[in-house]
Amino acid sequence: MTPAAANDHMGLALAEAKAAAARGEVPVGAVVVGPDGQVLARAGNRTRELNDPTAHAEILAIRAAAAALGSERLTGCDLYVTLEPCPMCAAAISFARIRRLYFGAADPKGGGVLHGPRIYNHATCHHTPDVYDRLGEAEAAELLKTFFAVRRQSGG
């Protein structure tokens with residue numbers, strides 16, 4: 001994967017995060033890329049819209065990619081996400097057998113990869129993706145910071 005391609009894929013994830021924010025969702029976006037470099041799925045958070053606490057961007061993108069491939073395993077696929085995955089999403093990434101995980105902003109409070117339970121460090125974790133953090137970090141972090149500042153000001 002070239003650095004330019006990685007940045008392009010993270011750019012798509014950032015666009016999904018911006019669309020999520022415009023819908024009033026926490027601005028997180030995710031993109032699944034197949035082994036051939038083609039985008040298989042992209043999604044932004046939709047927990048409020050769908051009234052579904054599992055409708056995180058990563059889960060939605062994984063579901064769509066699995067449907068596109070007709071397989072529950074996404075072997076050889078890469079996931080780009082704007083925020084460090086939570087424990088639920090980190091486990092789903094493992095179960096899907098994602099090859100590489102790229103994420104933007106760290107999440108010291110709710111993350112499950114480099115923070116919190118560190119899902120991939122457990123002996124019971126069946127598959128550990130290669131993890132690359134801080135890709136598009138500044139823009140992803142700014143989106144989140146701005147979103148929550150506006151929510152605090154409006155009392156929402």
Side-chain angles (χ1 to χ4, degrees), residues 1-21 23 25-50 52-141 143-144:
M1 175 72 52
T2 67
N7 286 329
D8 289 347
H9 297 314
M10 185 56 81
L12 294 174
L14 286 162
E16 290 293 331
K18 290 173 187 172
R23 293 189 302 270
E25 302 277 358
V26 174
V28 178
V31 173
V32 176
V33 177
D36 61 358
Q38 295 298 311
V39 173
L40 296 173
R42 49 193 287 184
N45 276 355
R46 292 187 179 275
T47 58
R48 291 174 149 225
E49 175 186 342
L50 299 176
D52 179 354
T54 69
H56 291 197
E58 301 95 319
I59 300 293
L60 296 174
I62 287 169
R63 287 176 183 162
L69 293 178
S71 173
E72 81 281 10
R73 300 273 167 93
L74 300 178
T75 307
C77 294
D78 300 335
L79 176 68
Y80 293 79
V81 62
T82 57
L83 181 65
E84 176 183 352
C86 72
M88 174 186 69
C89 292
I93 290 163
S94 176
F95 294 146
R97 304 302 196 264
I98 296 286
R99 174 179 58 182
R100 292 184 199 111
L101 166 64
Y102 297 86
F103 71 84
D107 188 355
K109 183 177 178 184
V113 177
L114 299 181
H115 298 89
R118 300 176 190 227
I119 298 297
Y120 306 135
N121 292 352
H122 292 265
T124 56
C125 183
H126 295 293
H127 169 77
T128 301
D130 295 332
V131 176
Y132 302 90
D133 62 332
R134 303 175 76 177
L135 181 64
E137 177 183 31
E139 188 173 356
L143 273 172
L144 289 157

Closest approach of [X] to [Y] (non-hydrogen atoms, all atoms of both residues):
{"X": "A61", "Y": "A43", "answer": "N-CB, 3.8 Å"}
{"X": "G111", "Y": "P117", "answer": "O-CD, 3.7 Å"}
{"X": "I59", "Y": "A92", "answer": "CD1-CB, 3.5 Å"}
{"X": "L60", "Y": "A55", "answer": "CD1-O, 3.6 Å"}

Practice task
With rounding to the nearest 0.5 Å, note down the distance linking OG in S94 to CG in L101.
Solution key: 11.0 Å
Problem - Spacing of C86 atom SG and I119 atom CD1 [to the nearest 0.5 Å] - result: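 Separation between the atoms: 9.0 Å.
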Exercise for the section: Write out all pairs satisfying salt bridge (charged side-chain N to carboxylate O under 4.0 Å, His left out) with one or both partners inside residues 101-118, taking only residues at least two apart or from two chains. Expected result: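 For residues 101-118: none.
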Is it true that a side-chain atom of [X] and a backbone atom of [Y] form a donor plus acceptor pair closer than 3.5 Å?
{"X": "T82", "Y": "G29", "result": "yes"}
{"X": "E139", "Y": "L14", "result": "no"}
{"X": "E25", "Y": "R48", "result": "yes"}
{"X": "N45", "Y": "A57", "result": "yes"}

Any heavy-atom pair between the side chains of [Y] and [X] that's under 4.5 Å?
{"X": "T47", "Y": "P53", "value": "no"}
{"X": "L143", "Y": "K18", "value": "yes"}
{"X": "V113", "Y": "F103", "value": "yes"}
{"X": "R97", "Y": "L74", "value": "no"}
{"X": "V81", "Y": "V28", "value": "yes"}

Practice task
Kindly assign one of parallel, tilted or perpendicular to the pair Y80 and Y102, based on the angle between their ring planes and the thresholds 30° and 60°.
Solution key: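 Y80 and Y102: parallel rings.
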Who are the salt bridge (charged side-chain N to carboxylate O under 4.0 Å, His left out) partners of [X], not counting sequence neighbours?
{"X": "E49", "answer": "R23, R46"}
{"X": "R73", "answer": "none"}
{"X": "E16", "answer": "R42"}

Practice task
Can you run down the side chain to side chain donor-acceptor pair (under 3.5 Å) pairs that involve residues 120-135, sequence neighbours left out, and say none if there aren't any?
Solution key: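 Checked against side chain to side chain donor-acceptor pair (under 3.5 Å) - neighbours excluded - the pairs reaching residues 120-135 are R134-E137.
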Problem - side chain to side chain donor-acceptor pair (under 3.5 Å) contacts in which one or both residues fall within residues 52-66, not counting sequence neighbours - result: D52-T54, T54-R63
Practice task
Apply the test side chain to side chain contact (heavy atoms under 4.5 Å, CB included) to residues L83 and L144: give CA-CA distance (whole Å), side-chain angles for both, the deciding distance (0.1 Å), then the verdict.
Solution key: CA-CA 9 Å; L83 181 65; L144 289 157; 3.7 Å; yes
Exercise for the section: Any chance you could lay out the side chain to side chain contact (heavy atoms under 4.5 Å, CB included) test for I62 and I93, step after step, and finish with the verdict? Expected result: CA-CA 8 Å; I62 287 169; I93 290 163; 3.9 Å; yes
Problem - Criterion side chain to side chain contact (heavy atoms under 4.5 Å, CB included) on L40 and C77, from CA distance to verdict - result: CA-CA 9 Å; L40 296 173; C77 294; 3.7 Å; yes
Problem - side chain to side chain contact (heavy atoms under 4.5 Å, CB included) assessment of V39 paired with H9 - result: CA-CA 8 Å; V39 173; H9 297 314; 4.0 Å; yes
